[in-house]
Chemist: 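Got a structure for you, written out below as structure tokens; questions coming shortly.
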Amino acid sequence: MSPPSTPDSMDDLNYVLRQRREKLRTLREEGVEPFAYNFAPTHRSEAATERFQEAEEAEELTDAGQVAEEVAVAGRILSWRGHGKSAFAHIEDGGGTIQLYFRKNVLGDDAFEALDLLDLGDWIGVRGHLFRTRTGEVTVQVSASQILSKSLRPLPFGKVEEDEETGERIHHSGFSDQEGRYRQRYADLAVHPEVREVFRTRARIVSELRRFLDDEGFLEVETPALQPLYGGATARPFVTHHEALDRRMYLRIADELYLKRLIVGGMDRVYEIAKDFRNEGLSRFHNPEFTMLEWYQAFSDYEDQMELVERMVVHVADAVLGRRALEYQGETISLDPPFRRLRLVDALSDALGREVLDLSEDELRDEAKDRSLPELSGAGRGKLIDKLFGELVEPDLVQPTFVLDHPRELSPLAKPKRGEPRLTERFELYMAGMEIFNAFSELNDPLDQRDRFEGQMGLRAAGDDEAQQLDEDYIRALEYGMPPTGGVGMGVDRFVMLLTDQPSIRDVILFPTLRDPEG
RNA sequence: GCCCCGCUAGCUCAACUGGCAGAGCAACUGACUCUUAAUCAGUAGGUUCUAGGUUCGAUUCCUAGGCGGGGCACCA
């Protein structure tokens, strides 16, 4: 990793890097600047291919079978096949790949010799006429070429063979080391078009989420990521310090309490797409910083929000996938609403064969012990129910399922369930076993909210350092009056995982959090 | 934090029970003017993750550590 940052001690470079530096020096000696300032392509590779087909169909090709006007294309050299006095290459640009054909008698001796100084990975710009090779591939017959940037470090290109009959792409060698791919995402992206495609899809998904909410009359807002108090979720925060204010601050774990302050302020439909930060373990489903979409809609309850979520999922699926079913890691998942609804306590009661709400904390603990769930000493009723649910019910939630009406202890920001005060009006939407949405009829009674916060303070005093803090300013906001409001949080990364069939959250985050490689 | 698996050339991988560390691709030299995993001939390329230990001898066995992957826990 060190060569680029240390002064050139050529001795330390391995021979491949050394050779490329020598080519770089030769280019400069010949008066060629290997790091150009710009180039003006007339087409991206895809458009160039289309241009040829257009000319071909219109029967406008010259006698030599070429398009009359020259095109200019630029890209990174992916492959090179030299044949003495000619050569074929493929370059790749943002639009795909295109083949180049170099001939000594077209380019001239000097320009053809200069091709020796090119390597895989170099960026070049070329001009030339489009034609179709004997084997049928649209190709640029290069009349002039220019190096745009010298690659001094070999990219880990594999080779791809396309099966003529099935069109199947067979990968040879390649870059498959997970660690290398995450640490050097630039190299991963450079050699894996399919990885670039995942992130293109991610952008489309986020864009469709925005479009959907905008069309529903929501206003996109931005709230603080640096907060004097953290809240809106149960999680351990990242702690930092503001020097000038000499004050401890936290990176947000959720946007919730700020967005609801905006509802109090009369902004009756708001949303935010933001990074949240949680100081907890990493896993296939957890990255310390992740993207959350939250929205709040005045005058709605969680029933209304279930309907909105269904419409949102369908909107994105239609727009991005063009269908309402998908394959996730071998499972077929239908996105056709209405989604299944499952009351948490009913599902758990069925699994246990006993009425969950009638069980005492000790009885719940015994049930958990019977299923050899580990480390439950500190858990209260809410946590025990959550654990049991996670163990007994959650694994089955492959098809989209709204899990409803969580116990009050688990949901300090949710309104009590109408007619069942031990429960709250809350839902989580599970898909492919992942919790992707979480929503409430938002608690807007400031007195009840204070009681709930105080309950959390009790848990905190008992040693639960993830319990929520009492936010007096938020209570004050509620005292001014918050209309009935439905609010939803969505794990954007997980939703992207689902839609792009990626097994790990690291595969949908460009630069996932990793340990320090130095150790 | 715990368990399992992995770490060997730029990349992908071999190397029996502990016995000279190898191949394909990439690179380099040469041949080749419609190839596409181009082909053919040749050359070079290694701190076997790190530090100890056992041994005549360690990529291989042992101990500790690092990083990654998977699982569990934590957490959503």
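Below, read A as the first sequence line, B as the second, and so on, with proteins coming before strands; counting in each chain starts at 1.
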Chemist: Applying side chain to side chain contact (heavy atoms under 4.5 Å, CB included) to L100(A) and I124(A), what does each step give before you reach the verdict?
Modeler: CA-CA 11 Å; L100(A) 309 180; I124(A) 59 169; 3.8 Å; yes
Chemist: For D177(A) and rC13(B), what is the distance between atoms CG and P respectively, to the nearest whole Å?
Modeler: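 Checked: the CG to P distance equals 8 Å.
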Chemist: For the C1' atoms, the ones on rG18(B) and on rG57(B), what distance do you get once it is rounded to whole angstrom?
Modeler: 8 Å
Chemist: Using atom CZ of R18(A) as one end and atom C1' of rA44(B) as the other, report the distance to the nearest whole Å.
Modeler: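 Computing the R18(A):CZ to rA44(B):C1' distance gives 11 Å.
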Chemist: Give one of base, sugar-phosphate or nothing for Q141(A), where a contact means two heavy atoms less than 4.0 Å apart.
Modeler: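 Since no nucleic acid heavy atom lies under 4.0 Å of Q141(A), the category is nothing.
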Chemist: Kindly say if R284(A) contacts the phosphate of rG71(B), meaning a side-chain N or O under 4.0 Å from OP1 or OP2.
Modeler: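 Yes, R284(A) has a side-chain N/O under 4.0 Å of OP1/OP2 on rG71(B).
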Chemist: Distance check needed: rG71(B) P versus I505(A) CD1, whole Å only.
Modeler: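 About 13 Å, once rounded to whole Å.
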Chemist: Expressed in whole Å, how much space separates the C1' atoms belonging to rA73(B) and rA37(B)?
Modeler: 46 Å
Chemist: Looking only at non-hydrogen atoms, find the nearest pair between R185(A) and D188(A) and report the distance.
Modeler: NH1-OD2, 2.8 Å
Chemist: What's the CD-P distance between E391(A) and rC72(B), to the nearest Å?
Modeler: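 My rounded result for the distance is 10 Å.
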Chemist: Which residue, E280(A) or R103(A), contacts RNA chain B at a nucleotide closer to its 5' end, judged by nearest heavy atom?
Modeler: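 This one resolves to R103(A).
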Chemist: Can you tell me, in whole Å, how much space there is between the P of rC40(B) and that of rA21(B)?
Modeler: 29 Å
Chemist: If you only use heavy atoms from C-beta on, which nucleotide in rU35(B), rC11(B), rG70(B) is closest to the side chain of S504(A)?
Modeler: rG70(B)
Chemist: Check the phosphate of rA38(B) against R81(A), side-chain N and O only, distance under 4.0 Å to OP1 or OP2. Yes or no?
Modeler: yes
Chemist: What's the gap between rC67(B) and rC56(B) when it is taken at their P atoms, as a whole Å value?
Modeler: 35 Å
Chemist: Does CG belonging to N105(A) count more than 12 external heavy atoms closer than 6.0 Å?
Modeler: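 Buried by this count: over 12 neighbours within 6.0 Å.
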Chemist: Check whether more than 12 heavy atoms from other residues, nucleotides or ligands sit under 6.0 Å from atom CD of Q53(A), and answer yes or no.
Modeler: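 Yes - once you tally the heavy atoms of other residues, nucleotides and ligands closer than 6.0 Å, there are more than 12.
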Chemist: Testing the basics here: between G121(A) and F157(A), what is the closest heavy-atom pair and its distance to 0.1 Å?
Modeler: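 Smallest interatomic distance, heavy atoms only, reads N-CE1, 4.0 Å.
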Chemist: Measure from the side-chain heavy atoms of R506(A) and tell me the nearest of rG68(B), rU33(B), rG69(B).
Modeler: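 Comparing rG68(B), rU33(B), rG69(B) against the side chain of R506(A), the answer is rG69(B).
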Chemist: I'd like to know if K417(A) and E425(A) make a salt bridge, using a cut-off of under 4.0 Å between side-chain N and carboxylate O.
Modeler: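 Salt bridge: no.
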Chemist: Does F290(A) reach a base, just sugar-phosphate, or nothing at all? Heavy atoms under 4.0 Å.
Modeler: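 The residue F290(A) makes no contact with any strand.
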Chemist: Side chain of Y101(A) only, heavy atoms from C-beta on: which candidate in rC11(B), rC34(B), rC13(B) is closest?
Modeler: rC34(B)
Chemist: When you get a sec, tell me which of rA38(B), rC67(B), rC75(B) is the closest nucleotide to the side chain of R515(A)?
Modeler: rC67(B)
Chemist: rU35(B), OP1 or OP2 - any side-chain N/O from R132(A) closer than 4.0 Å?
Modeler: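 R132(A) to rU35(B) OP1/OP2: no side-chain N or O under 4.0 Å.
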Chemist: Any side-chain N or O of R183(A) below 4.0 angstrom from OP1/OP2 of rG68(B)?
Modeler: yes
Chemist: Taking only the side-chain heavy atoms of F175(A) (C-beta and beyond), determine which of rC11(B), rC34(B), rU33(B) contains the nearest atom.
Modeler: rC11(B)
Chemist: For atom P, what is the distance between rU29(B) and rG22(B), given to the nearest Å?
Modeler: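 To the nearest whole Å, 25 Å.
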Chemist: How are the rings of Y101(A) and F88(A) set to each other: parallel, tilted or perpendicular (split at 30° and 60°)?
Modeler: parallel
Chemist: Using the P atom as the reference point in each nucleotide, state the distance between rG1(B) and rG53(B) in Å, no decimals.
Modeler: 27 Å
Chemist: Where do R44(A) and G94(A) come nearest, in terms of heavy atoms and distance?
Modeler: NH1-CA, 3.2 Å
Chemist: Would you name the heavy atoms of I98(A) and V138(A) that are closest together and state the gap between them?
Modeler: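 Residues I98(A) and V138(A), closest heavy atoms: CG1-O, 4.1 Å.
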Chemist: CD1 of I91(A) versus P of rU35(B): gap in Å, rounded?
Modeler: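 Going from I91(A) (CD1) to rU35(B) (P), I get 21 Å.
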Chemist: What is the distance, rounded to the nearest whole Å, between atom CG of L78(A) and atom C1' of rA37(B)?
Modeler: 14 Å
Chemist: Would you classify F112(A) as touching base, sugar-phosphate or nothing, given that sugar-phosphate means primed atoms plus P, OP1 and OP2, and contacts are heavy atoms under 4.0 Å?
Modeler: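 It contacts nothing in the nucleic acid.
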Chemist: Report yes if the distance between the aromatic ring centroids of F35(A) and W123(A) is under 6.0 Å, otherwise no.
Modeler: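 Not under 6.0 Å, so no.
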Chemist: In dot-bracket, 5' to 3', how would RNA chain B read with Watson-Crick or G-U wobble pairs under 3.5 Å, [ ] for crossing ones and | for pairs to another strand?
Modeler: (((((((..((((.....[..)))).(((((.......))))).....(((((..]....))))))))))))....
Chemist: Could you tell me how far rC34(B) sits from rG42(B) if I compare only their C1' atoms? Round to whole Å.
Modeler: 27 Å
Chemist: If the C1' atom of rU17(B) is compared with that of rC2(B), how far apart are they to the nearest Å?
Modeler: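 My reading of the C1' atoms in rU17(B) and rC2(B) gives 33 Å.
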Chemist: From the set rU33(B), rC75(B), rG70(B), return the single nucleotide nearest to any side-chain atom of H83(A).
Modeler: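 That would be rU33(B).
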Chemist: So if I define the base as every atom that isn't primed, P, OP1 or OP2, how would nucleotides 25-31 of chain B read as a B/S/- string at a heavy-atom cutoff under 4.0 Å?
Modeler: SBSS---
Chemist: When the distance from CD1 of I253(A) to P of rC75(B) is rounded to whole Å, what number comes out?
Modeler: 13 Å
Chemist: Any donor-acceptor pair under 3.5 Å joining the side chain of T133(A) to the base of rU35(B)?
Modeler: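 Yes.
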Chemist: Quick one: does E137(A) reach the base of rU35(B) with a side-chain donor-acceptor pair under 3.5 Å?
Modeler: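 Checked by distance alone, the answer is no.
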Chemist: Could you check which of rG68(B), rC75(B), rU33(B) has an atom nearest any side-chain atom of K387(A)?
Modeler: rC75(B)
Chemist: Salt bridge check: are E361(A) and R365(A) linked by an N-O gap of less than 4.0 Å?
Modeler: yes
Chemist: Identify whether the distance between the nearest side-chain nitrogen and carboxylate oxygen of R202(A) and D493(A) falls below 4.0 Å.
Modeler: yes
Chemist: If I take atom NE2 in residue H286(A) and atom C1' in nucleotide rG71(B), what distance separates them, rounded to the nearest angstrom?
Modeler: 14 Å
